[in-house]
Amino acid sequence: MSVNIVQEIVERRKADIAERGFSFGFEIPSKRTRPVVPFMQEKGAILEVKRASPSKGDIAPGLDSVKTALEYRKNGAKAISCLTEENYFKGSLKDLMAITSAIDDVAVLRKDFLIDEQEIEISYLCGADAVLLICGILSHEKLLSMTAKCHELGIRALVEVRTEDDVEKVLSVKKVYPDTIVCGVNSRNLKDFTIDLLVPAMLKEKLGGSVIFESGITTQECAQMIGRMGFKGILLGEFAARNPQMAGVFVKAFTTTPEDAQGRFYIKLAQKIMEHKKQNPYKPMVKICGLTQKEDIELAVKLGADFTGFILAPGFARSIYGERFQALKESLSSIKNVIKIGVITDPASQEAKFALSLVEQGLLDCLQFHGIKYQALPQEFKNVPHYFALTGKEGISKEEAEKLNSYGYARYLQDSSSHNYAENCGAPLWLAGGVNPQNVRELIDKFHPELVDVSSGLEDVIPEKTGIKNHKKMIDFFSEINKE
C-alpha cells in the first residue's frame, strides 16, 4: 500500500477523467426526475453500498447495489451512501443511477473523491441528494465553489474533515452556505488508513456539535458509544456491506442511545489529548497514580501531571478508602484542569461503590477498571465515565486490546511490568508497569506512548512508605519526561 493512498486515488482519478470525462463513460440523464430527499436532517445512520476498499480489499465483491440499498432502507437507514469510485472501491455511477431509480424516499449520498463542480452537476442528474466533499483534497476556493454548486442545485454536501486545518476551512465555507453543509469527521486517516476512534470526538465541538461520525464501527457496542458522545449520525461501511440484513441492529444501537456522562467524558478527554499534542507533540501525557497525601497531589499538579489516580480497592496499601479519603477530600475538590481517576479492581466491593458515588458527585472525573473484563462489568458502572486497564505481568493480550477497541473504547491502559505491550491495536499506547525516573526516557523512545502511568516507581522501597511519593523522584521523573 502506498504511503499516501488518497493521493494515489486522486491522481488515478484525474487520469481517468482525462481519458473518459467526468461521466466516466456512462450515459448521464439530461435532466433529473427524482425529487430531492432531505439529507441527514435528523439523527440516524448512513449505510454504505461498498464492494471493496484499499484497506480491506474485497468486502462484498458480488454485492447487488439495488438489492443492498433496499435492505438498508428496510433496516432503518436515514440515508444510503453509494461508492462510485471504480479502481479501489469497485463502484460506479451505474450503481448510483440504479439506486436512485429504485428508491425515492430515502436520501442517497454519492461518495467519491470529487474534485470538480461538473461532478456535482452529474451527481445531481444521476439522482444524488448529497455528495461527499473531502476537505483534505480540496483547496479552500474549490471547496467553496463546489459547495456553491450544491447550494444552487438544492442538494447538500457532506464535508469530511480530519484535522483542525480542515475544520477552519469548512467553517469558513459554512458561514456562506450554512444549510448546505453537513460536517463529518473520519476516524480513518486517508493517508495511511489507520483508525483512531477518538479523532471525531476531538473535532466535534469545534464543528458546532452536529457531526457525522465516519468509519471504524464494527460492533453495536461501538455504535452505542458514538451515540453516547452525542453525534448526529454514523456512516457504516464495511459491516453494513458484509451484513446488510444485520444493519438494523447497528442503526437501533446508535439511534436509541442518548448522549450521557460517559460520552461527555470522552469528548473532554479527546479535547485534552488534542490540546496536549498541539503544545507538546513528542511528549506523553502523565498520570501519577496511587496518590495518598495532599502534598504529593499538590506537587504532581505543580509539576504538570495530566491525570491523578486514586486507588479505591480492597487489599491495596495505597487505597484511600476510609480515613485517608477524608484527609484528601478538600484536595480533590480543589484540583482544576487535571483529570481525577478512581481505580477499582472489584465492582462488588464497598470501595468500588464508594468510588462510583465520588464520580456521581463530581469529586472524581472517571473510573479506571483495573483488570476487570468488559463482560463482567455491572450496568451501573457502565453508565458513569470510565475506561479499562488491561493487566499482565508477562504481557498484554492483543486480542483483548483489539476487542476493547472494537467496543468503542478509543483509549485503555496497558499495565505490564515486563513492558510487553500489545501494539497497533487501534489505539495509541497508554503504558504502565515498572515505570520509574531511570527507565521512563527509554520507554518513551521505544514505544512513543500517548500516556505514561507511574505509581510505585516514585516511592521509596520501604513497606511503611507505600503510597508516599518521594518528591525528588517526582521531580527527576518530570525532568526526564520534559527532555527534548
Side-chain angles (χ1 to χ4, degrees), residues 265 268-269 272-273 276 284-322 324-325 327-347 349 351-352 354-359 361-372 381 384-391 409 411-417 429-437 440 443 449-459 465-471 473-474 477-478 481:
F265 169 72
K268 177 182 176 182
L269 174 64
K272 184 176 183 66
I273 292 170
H276 178 87
M285 296 185 297
V286 175
K287 173 176 168 241
I288 305 297
C289 199
L291 289 162
T292 63
Q293 293 193 136
K294 178 182 177 181
E295 53 267 35
D296 296 350
I297 298 171
E298 291 173 348
L299 181 59
V301 173
K302 181 180 178 181
L303 289 171
D306 303 282
F307 302 77
T308 49
F310 305 91
I311 297 173
L312 288 149
F316 283 77
R318 296 182 185 86
S319 178
I320 64 165
Y321 185 65
R324 269 181 173 170
F325 170 75
L328 295 179
K329 187 173 181 180
E330 186 178 337
S331 294
L332 287 174
S333 301
S334 64
I335 295 175
K336 306 298 181 186
N337 302 318
V338 175
I339 294 178
K340 299 168 288 186
I341 299 165
V343 180
I344 70 169
T345 59
D346 178 8
S349 68
E351 288 87 344
F354 182 64
L356 181 64
S357 73
L358 295 181
V359 175
Q361 295 170 47
L363 285 172
L364 293 177
D365 295 303
C366 77
L367 296 179
Q368 174 181 307
F369 300 138
H370 203 82
I372 301 170
F381 284 91
V384 299
H386 64 270
Y387 65 91
F388 286 83
L390 300 174
T391 61
Y409 288 95
R411 297 296 186 271
Y412 45 84
L413 185 68
Q414 298 191 39
D415 187 352
S416 172
S417 56
L429 179 61
W430 286 16
L431 68 80
V435 182
N436 57 54
V440 67
L443 292 172
E450 184 176 85
L451 177 142
V452 171
D453 184 323
V454 60
S455 179
S456 62
L458 301 181
E459 299 171 6
K465 288 195 174 183
T466 298
I468 299 173
K469 305 306 182 193
N470 179 311
H471 287 199
K473 288 186 178 182
M474 292 178 71
F477 181 82
F478 276 93
I481 288 284

- Message: Check the orientation of Y409 and H386. Use parallel for under 30°, tilted for 30 to 60°, and perpendicular for over 60°.
- Response: tilted
- Message: Distance check, rounded to the nearest 0.5 Å: M474 atom CE versus K302 atom NZ?
- Response: 11.0 Å
- Item | Validation row: H276, E450 side chains within 4.5 angstrom (heavy atoms) | no
- Enter the distance from R411:CZ to I273:CD1 here, rounded to the nearest 0.5 Å. 4.5 Å
- Given side chain to side chain contact (heavy atoms under 4.5 Å, CB included), test K268 with D365 step by step and report yes or no. CA-CA 10 Å; K268 177 182 176 182; D365 295 303; 3.4 Å; yes
- Query: Is it true that atom CZ of F316 has more than 12 heavy atoms of other residues, nucleotides or ligands lying nearer than 6.0 Å?
  - Reply: no
- Say you draw a straight line from CG of L328 to CD1 of I297; how long is it, rounded to the nearest 0.5 Å? 4.5 Å
- Note on the structure: Scanning both residues in full, the closest heavy-atom pair of R324 with A317 reads NH1-O, 2.7 Å
- Run the ring-centre check on Y412 versus Y387 and record whether the distance is less than 6.0 Å. no
- Query: With a 4.5 Å heavy-atom cut-off, do I344 and L356 have their side chains touching?
  - Reply: no
- Task: Please test L269 against I339 for side chain to side chain contact (heavy atoms under 4.5 Å, CB included), starting from the C-alpha separation and ending with a verdict.
- Result: CA-CA 8 Å; L269 174 64; I339 294 178; 4.2 Å; yes
- Message: Do T345 and P314 make a side-chain contact, defined as non-hydrogen atoms from C-beta onward lying under 4.5 Å apart?
- Response: yes
- Task: Could you check if a side-chain atom of R318 sits within less than 4.5 angstrom of a side-chain atom of C289, using non-hydrogen atoms only?
- Result: no
- Let me see the working for L312 and L364 under side chain to side chain contact (heavy atoms under 4.5 Å, CB included), right down to the final yes or no. CA-CA 12 Å; L312 288 149; L364 293 177; 4.1 Å; yes
- More than 12 non-hydrogen atoms from neighbouring residues, nucleotides or ligands closer than 6.0 Å to CD on E330, yes or no? no
- State the SG-CG distance between C366 and L358, to the nearest 0.5 angstrom. 12.5 Å
- Nearest 0.5 Å please: distance from the CD1 atom of I311 over to the OG atom of S455. 5.5 Å
- Begin from the C-alpha positions of V359 and F381 and carry the test side chain to side chain contact (heavy atoms under 4.5 Å, CB included) through to its verdict. CA-CA 10 Å; V359 175; F381 284 91; over 6 Å; no
- Looking only at heavy atoms, what is the nearest atom pair of T292 and G467, with distance? OG1-O, 2.5 Å
- Note on the structure: Taken to the nearest 0.5 Å, the spacing of I341 CD1 from F310 CZ works out to 9.5 Å
- Between I335 and T308, which heavy-atom pair has the shortest distance, and what is it? CD1-OG1, 4.2 Å
- Query: Tell me, do F477 and V452 make a side-chain contact under 4.5 Å, heavy atoms counted?
  - Reply: yes
- Do I468 and E459 have side-chain heavy atoms sitting under 4.5 Å apart? no
- Note on the structure: Smallest heavy-atom separation, D453 atom then V435 atom, equals O-CG2, 3.7 Å
- Message: Can you confirm whether K340 sits close enough to L363 that some side-chain heavy atom of one is under 4.5 Å from a side-chain heavy atom of the other?
- Response: no
- Heavy-atom closest pair, residues S349 and D346: OG-O, 2.8 Å
- Are any non-hydrogen side-chain atoms of V454 and N436 less than 4.5 angstrom apart? no
- Contact summary for F478 and G304, nearest pair of heavy atoms: CE2-C, 3.8 Å
- Are there more than 12 heavy atoms of other residues, nucleotides or ligands under 6.0 Å from atom NZ of K294? no
